[in-house]
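Heads up: the structure comes next, in structure tokens.
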Number of protein chains: 2
Amino acid sequence: MLSQKRHKNILHQYGLKVTSARLRVLDTLMRSNIALSHADILSKIRDIQLDKVTLYRTLDAFVKSGLAHKVATEDRNWLYALDLSEHGDTVHRNHTHFICDYCDRVYCLPVSPQVGIPDSSSVEGFEVRSHEFRLHGTCPQCH
Amino acid sequence: MLSQKRHKNILHQYGLKVTSARLRVLDTLMRSNIALSHADILSKIRDIQLDKVTLYRTLDAFVKSGLAHKVATEDRNWLYALDLSEHGDTVHRNHTHFICDYCDRVYCLPVSPQVGIPDSSSVEGFEVRSHEFRLHGTCPQCH
DNA sequence: TTATCATTTGCAACTAAGTTGCATTTTTAT
DNA sequence: ATAAAAATGCAACTTAGTTGCAAATGATAA
């Protein structure tokens, strides 16, 4: 783990107390380019003690504060990914998720600007406020 | 329940044995314009005995045969909806689901043709095979 | 730095959703 | 009508996630 400075800063920014558990979970999510499940994260953190309940609560806190978001997968799992861009600022409410049908990895892609969103009028009586685009197929690793 | 003829026909069409449980579940799904959860369906079927395990297996069978599809919701539930159009033929692999943020109902909308799908080239290394569009907002009932 | 208070953590017990195995019943094909 | 195959119901079980609470830790202000 590099300089914790940045990590601590991020936690502060989102109004979260700095604890070793949170730093570790944040670091784990930052190192991953795919969304991770509770089980994924737990298995990656072996050097410090981390109770499953603490992890559940940590992830909830991340989501509630807006630091991360969660995706419900087809197999009824929750995957977590940070809402940070490379520059540390908050991203999109609207997401594009890519789900690999071979390895089940979920990637959070930047919303492709050329994707048209159906406007409210196109769907009678439904007022669209945000959207999530889920793409299924083969990811680069499984090619 | 109307003429069971049509119901039986559908089950046959999808290679499913005709049983009272399946007819009842099929009917329940046909009467609904929203996707239903295991619990929803169970609570709607009170006149005949229907074990929770049977319902799980029935829904699995529907999905496996292609008669229905399931949607994982944000709250880690599974909702089921038939893949039948009004005319009884199979629809789209690609879905648009509308999730109401007030009542949590999930509607399966016909894919709006004006919605652009990002092609493979737009997402480097990711081969897109199918997609699901999730719209969030307010449904007609909650307006 | 230290004392204080609020928050977070870990543990154990609990809850609820979903699964498995198996004996019985129902359906379909002969 | 009968036999084989599949579906059903039940009980026991598994597992993910939750709750309550006592102990530990982090933030704040003297």
Side-chain angles (χ1 to χ4, degrees), chain A residues 4-5 7-28 35-65 67-68 70-80 104 106, chain B residues 4-5 7-29 35-65 67-68 70-80 104:
Chain A
Q4 305 260 85
K5 266 267 182 60
H7 295 66
K8 289 184 183 173
N9 240 315
I10 293 172
L11 290 176
H12 274 133
Q13 226 172 294
Y14 284 87
L16 296 166
K17 274 199 177 159
V18 175
T19 70
S20 56
R22 288 174 175 181
L23 284 169
R24 204 68 183 64
V25 175
L26 175 58
D27 187 67
T28 306
L36 301 175
S37 70
H38 178 275
D40 291 338
I41 298 170
L42 210 56
S43 76
K44 278 177 191 288
I45 298 178
R46 293 256 135 279
D47 48 323
I48 66 164
Q49 187 219 28
L50 179 62
D51 190 71
K52 60 169 185 165
V53 179
T54 303
L55 181 54
Y56 279 122
R57 296 200 264 227
T58 299
L59 293 170
D60 278 353
F62 280 17
V63 171
K64 190 160 1 160
S65 73
L67 172 52
K70 60 180 172 184
V71 198
T73 62
E74 231 46 57
D75 57 337
R76 280 187 80 260
N77 235 135
W78 272 328
L79 302 185
Y80 298 84
D104 291 324
V106 175
Chain B
Q4 305 260 84
K5 267 266 181 66
H7 294 67
K8 288 183 184 174
N9 239 315
I10 293 171
L11 291 176
H12 274 133
Q13 226 173 296
Y14 284 88
L16 297 165
K17 275 195 179 163
V18 175
T19 69
S20 56
R22 287 175 176 181
L23 283 169
R24 203 68 183 64
V25 174
L26 174 59
D27 187 67
T28 306
L29 288 171
L36 301 175
S37 70
H38 179 274
D40 291 338
I41 298 170
L42 210 55
S43 75
K44 278 177 191 286
I45 298 178
R46 294 255 135 281
D47 49 323
I48 66 164
Q49 188 219 30
L50 179 61
D51 190 70
K52 59 169 185 164
V53 179
T54 303
L55 181 52
Y56 279 122
R57 295 198 264 227
T58 299
L59 293 169
D60 278 354
F62 281 16
V63 170
K64 193 164 353 162
S65 73
L67 172 52
K70 60 181 172 184
V71 198
T73 63
E74 231 48 55
D75 56 336
R76 280 186 81 259
N77 234 134
W78 271 328
L79 301 185
Y80 298 84
D104 291 324

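Bear in mind that the values here come from a model prediction, so they are computed numbers and not experimental data. Order of the sequence lines fixes the chain letters, A, B, ..., with proteins taken first and strands second; residue numbering starts at 1 for each chain.
Between B/D75 atom CG and C/dA16 atom P the separation is 16 Å, expressed in whole Å. Taking atom CG of residue A/L55 and atom P of nucleotide C/dT8, one finds them 15 Å apart after rounding to whole Å. Between B/L50 atom CG and C/dT26 atom C1' there is a gap of 15 Å when expressed in whole angstrom units. In this entry the distance linking CG of B/D51 with P of C/dC22 reads 18 Å, nearest Å. In this structure, CG of B/L42 is placed 11 Å from P of D/dG9, rounded to the nearest angstrom. To the nearest angstrom, C1' of D/dA7 lies 13 Å from NZ of B/K64.
At the phosphate of D/dG9, OP1 or OP2 sits under 4.0 Å from a side-chain N or O atom of B/T54. Using a 4.0 Å cut-off, no side-chain N or O of B/Q49 falls inside it from OP1 or OP2 of D/dT8.
Considering only the side chain of B/R22, D/dA7 comes nearest among C/dG10, D/dA7, D/dC10. The B/A21 side chain lies nearest to D/dT8 when the options are C/dG10, D/dC10, D/dT8.
Smallest separation of non-hydrogen atoms from A/I48 and A/S20: CD1-O, 4.2 Å. Of all the heavy atoms in A/L59 and A/Y80, the pair that sits closest is CD1-CE1, 3.6 Å. Of all heavy-atom pairs spanning B/L26 and B/H7, the tightest one is CD2-O, 3.6 Å.
Here the side chain of B/R22 pairs a donor or acceptor atom with the backbone of B/K17 at under 3.5 angstrom. Although no hydrogens or angles enter the test, the distance criterion places a donor-acceptor pair under 3.5 Å between the side chain of A/T58 and the main chain of A/T54.
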Residue pair A/R24, A/L50: steps toward the side chain to side chain contact (heavy atoms under 4.5 Å, CB included) verdict: CA-CA 9 Å; A/R24 204 68 183 64; A/L50 179 62; over 6 Å; no

Steps toward side chain to side chain contact (heavy atoms under 4.5 Å, CB included) verdict (A/D40, A/T28): CA-CA 10 Å; A/D40 291 338; A/T28 306; over 6 Å; no

Pair B/I41-B/I45, side chain to side chain contact (heavy atoms under 4.5 Å, CB included): steps then yes or no: CA-CA 6 Å; B/I41 298 170; B/I45 298 178; 3.8 Å; yes

B/F62 and B/L16: CA distance, side-chain angles, deciding distance, side chain to side chain contact (heavy atoms under 4.5 Å, CB included) verdict: CA-CA 8 Å; B/F62 281 16; B/L16 297 165; 3.8 Å; yes

Sugar-phosphate or base contact per nucleotide [nucleotides 16-23 of chain D; S, B, -; heavy atom under 4.0 Å]: SBBBB---

Nucleotides 24-30 of chain D: protein proximity per nucleotide (B base, S sugar-phosphate only, - neither; heavy atom, under 4.0 Å): --SS---

